[in-house]
Amino acid sequence: MRPQRSRPGMILSYALLSVLALLFLTPVVMMLTGSLKPDERVLTEAGTLAGFIPDQASLQNYTDVFTRTDFLGFLINSLFITSTIVICGLLVNALAAYAFARLHWRGRDLLFNLVLALMILPLEAIAIPLFYGVSLLGLRDTYLAQILPFIANAFSIYLFYSFFIGLPRELEEAARLDGASTLRIFFSIILPNSKPVFASVAILSFLMWWGAYLWPLMVTIGPEVRPLPVAIAAFYTLPPLQWGDILAFGVMMVAPVLLVFLLFQRWFVRGVAASGIKG
Amino acid sequence: MASIRLDKVSKQYDGHDAVIEEMDLQIRDGELLVLVGPSGCGKSTLLRMVAGLEEISAGEILIDDQVVNQLPPQKRNLAMVFQNYALYPHMTVRENLAFPLKMQRLSRDEVNRRVAQTAELLSLGNLLDRRPKQLSGGQRQRVAMGRAMVRDADAFLMDEPLSNLDAKLRVEIRSEIAALQRRLGITTLYVTHDQVEAMTLGHRVAVMRAGKLQQVATPSRLYEHPVNVFVAGFIGNPGMNVLRVMLETVDKALVFRLGEHCFTLPQSVMENYPDLPNRSGQMLLLGIRPATLTLVESGGNGSLEATMSSAEPLGHETILHVNADIDVVATDTEDPGNTLLKRPTLTAIIPGHRHFKPGETVHLQIDCDKLHCFDLQGTALAHH
């Protein structure tokens with residue numbers, strides 16, 4: 001049984017959590033209310049209570065975004081790039097993790113340790129050689145350059161591995177005796193019983209690549225294949241500087257992320273618990 | 001149906017002692033052979049090797065005289081029931097039963113027909129649309145049996161299939177398994193650590209200890225003629241009492257000396273063990289089944305005086321644990337003749353519901369016709 005907290009302890013923890021929630025929510029609420037206000041009031045009311053009150057709300061800033069930029073194009077680019085990375089990543093990383101967790105082959109442990117070691121390598125450290133490689137292949141300013149290098153991901157493999165290793169081995173053995181091949185076992189037995197970890201990996205990858213900035217900035221030249229994070233940065237520099245428009249752009253950029261999280265929240269929490277990710 | 005033969009099969013993990021050592025075993029066509037032994041003796045490993053889930057280090061496994069060492073599990077046509085049932089949690093009972101048939105690429109009509117047939121046989125008809133988590137332990141067990149039965153496998157492998165059930169259900173399902181096996185006549189290798197299961201289910205029982213086969217025989221043969229003290233101690237509940245005794249010749253008669261007790265061997269014992277006279281002057285191990293000890297009023301030849309340690313009334317019988325001035329040895333060691341129990345209690349079973357006071361003096365009569373004689377290494381003496 002969990003020990004019951006004392007009343008003062010409860011009040012203190014709720015107070016601390018409320019302050020934290022306030023700190024996290026303030027910028028988001030300000031972005032939302034600011035996006036609904038006339039441009040001249042955005043900065044003057046920032047930091048005051050009025051900044052949080054969307055009186056005289058209008059969608060003018062949102063229509064401005066669509067008229068001043070090709071927002072829809074950038075949104076489609078971002079959706080396409082991120083979804084492709086996520087969907088292909090789920091398949092590739094889950095299969096790799098399954099091979100590490102369950103199949104016996106020479107060099108498995110060594111390779112798995114190398115994959116784990118890759119987790120500590122930030123993109124910034126390999127960005128230049130990667131850029132060189134992409135340029136050599138003639139892939140600059142393409143979707144492929146933004147997708148291909150990031151499908152296989154060490155952290156995703158680790159998350160899948162942690163989950164698969166905890167699944168009862170007998171399920172696979174029973175399926176093998178029932179006549180199923182390894183791939184059949186993966187798709188018919190492992191996959192349907194691993195929804196939580198698939199949801200976790202999908203959300204984490206989506207968040208990671210939806211907000212990716214450095215790499216798309218390096219490999220894109222024109223606006224045709226540019227994703228939202230690079231587009232919003234360019235929007236900053238597009239005269240005249242309209243803060244209301246920028247905030248509206250931000251709101252529309254964040255909305256899909258929130259939607260994905262809300263859709264998969266239940267599985268995400270279970271998956272995070274099952275794969276042992278701790279904050 | 002098929003026969004399964006193990007020919008000098010060994011299993012050794014890298015850098016460790018062998019877990020299975022040169023095992024020879026034959027499971028006859030249509031036979032239910034129970035592999036029994038204490039936890040960690042290698043019986044499940046052996047089963048998994050037959051299934052193809054573990055590689056074998058040496059020897060051959062033959063199914064219907066065909067060597068299957070290199071065949072993957074799915075090609076051996078064996079069905080297995082796992083200890084935790086291993087039902088696919090995301091599938092309904094119907095889908096669980098149909099899975100092996102779908103793997104055989106049977107037509108949908110044939111799959112449905114066989115699933116219905118199996119469900120009827122195991123009374124699963126009203127559970128077909130439930131998922132495993134909506135079933136009780138006994139129902140899950142039946143579904144696991146059904147999944148094994150549905151696909152016309154050559155043999156069944158069962159890995160402690162009853163160990164997750166409560167005692168009452170275990171007895172019920174045990175008789176169901178026995179009846180099903182009789183009806184289907186399918187070759188079955190059944191692994192358990194429970195000697196009661198082994199004795200009640202097996203046509204023959206193979207007793208294992210530390211990776212080695214001790215004895216393969218019918219349940220009654222195992223009980224009546226154990227080849228060593230390990231089998232004697234393992235089979236039977238409670239196990240056989242094994243005492244260290246001195247065989248002496250007194251006035252041309254052979255006597256066993258147990259501490260202060262001494263009793264003359266009747267002619268029947270000499271007939272059972274013709275080699276005994278040649279062992280006069282040697283220490284031996286004497287096996288006495290608890291059920292062959294009877295409570296008597298006063299001592300005579302073949303009776304032991306003992307003090308009551310504890311009694312366990314079970315209703316139809318009472319198990320007595322008594323202390324006597326005798327050397328009781330451990331049956332599960334490599335050197336039983338020299339491994340005395342620290343608390344040397346003797347166990348007896350007497351009929352009826354009886355109560356005793358701790359410390360009370362009782363006399364137990366040994367049935368000399370039912371004695372078992374072993375040498376000091378624990379091997380049974382030649383029996384007539």
Side-chain angles (χ1 to χ4, degrees), chain A residues 90-91 94-95 97-99 101-110 112-113 160 162-202 264 266-268 270-271 273-275, chain B residues 14 44 47-55 71-92 95-106 111 131-133 140 143-161 164:
Chain A
L90 285 179
L91 186 72
L95 279 168
Y98 183 65
R102 283 292 196 253
L103 307 185
H104 299 278
W105 40 281
R106 196 182 290 268
R108 180 189 70 171
D109 295 344
L110 176 74
F112 183 58
N113 286 330
F160 278 122
S162 312
F163 190 87
F164 293 158
I165 208 85
L167 284 177
R169 195 180 281 270
E170 289 86 351
L171 286 183
E172 291 155 66
E173 292 176 344
R176 202 168 290 283
L177 278 154
D178 282 345
S181 64
T182 303
L183 267 184
R184 181 74 193 214
I185 291 172
F186 179 80
F187 286 108
S188 295
I189 307 296
I190 301 298
L191 207 143
N193 286 297
S194 306
K195 284 178 194 160
V197 73
F198 274 85
S200 304
V201 172
F264 295 101
R266 188 167 58 97
W267 285 342
F268 178 66
R270 273 165 56 192
S275 7
Chain B
D14 294 340
S44 285
L47 190 84
R48 292 169 58 78
M49 289 199 295
V50 174
L53 297 171
E54 293 267 358
E55 283 182 12
L71 278 188
Q74 55 269 42
K75 297 266 172 74
R76 296 191 183 192
N77 199 25
L78 302 172
M80 186 156 165
V81 178
F82 291 82
Q83 184 171 0
N84 60 3
Y85 319 128
L87 299 179
Y88 309 127
H90 59 294
M91 296 184 192
T92 60
E95 289 162 341
N96 264 281
L97 295 178
F99 187 78
L101 303 175
K102 284 183 183 163
M103 293 302 102
Q104 291 178 351
R105 298 178 194 282
L106 297 183
V111 169
R131 288 185 198 277
K133 69 177 177 190
R140 283 179 205 185
V143 178
M145 285 287 296
R147 199 175 60 188
M149 284 165 50
V150 78
R151 67 183 175 93
D152 279 342
D154 285 337
F156 280 179
L157 307 175
M158 300 196 182
D159 189 6
E160 310 221 18
N164 285 350

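The sequence lines fix the lettering, A, B, ..., with proteins before strands; numbering per chain opens at 1.
Within a 6.0 Å radius of CD in Q104(B), other residues, nucleotides and ligands contribute more than 12 heavy atoms.
Residues of residues 76-86 of chain B lying under 4.5 angstrom from chain A, judged on non-hydrogen atoms, are L78(B), M80(B), F82(B), N84(B), A86(B) by number.
Distance CZ/R184(A) to NZ/K102(B): 8.0 Å, rounded to 0.5 Å. The distance from the NE2 atom of H90(B) to the OG atom of S194(A) is 9.5 Å, given to the nearest 0.5 Å.
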Got a list of side-chain donor-acceptor pairs under 3.5 Å for residues 171-180 of chain A, not counting sequence neighbours?
from	atom 1	to	atom 2	distance (Å)
E172(A)	OE1	Y98(A)	OH	3.0
E172(A)	OE1	R102(A)	NE	3.1
E172(A)	OE2	R102(A)	NE	2.7
E172(A)	OE2	R102(A)	NH2	3.4
E173(A)	OE1	R48(B)	NH1	2.8
E173(A)	OE2	R48(B)	NH1	3.1
E173(A)	OE2	R48(B)	NH2	2.6
D178(A)	OD2	Y88(B)	OH	2.7

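For the set M103(B), K75(B), R147(B), the entry with the most heavy-atom pairs within less than 4.5 Å of chain A is M103(B). Contact count against chain B (heavy-atom pairs under 4.5 Å) is highest for E170(A) among R169(A), E170(A), K195(A).
Proximity to chain A is limited to the backbone of L87(B), based on heavy atoms less than 4.5 angstrom apart.
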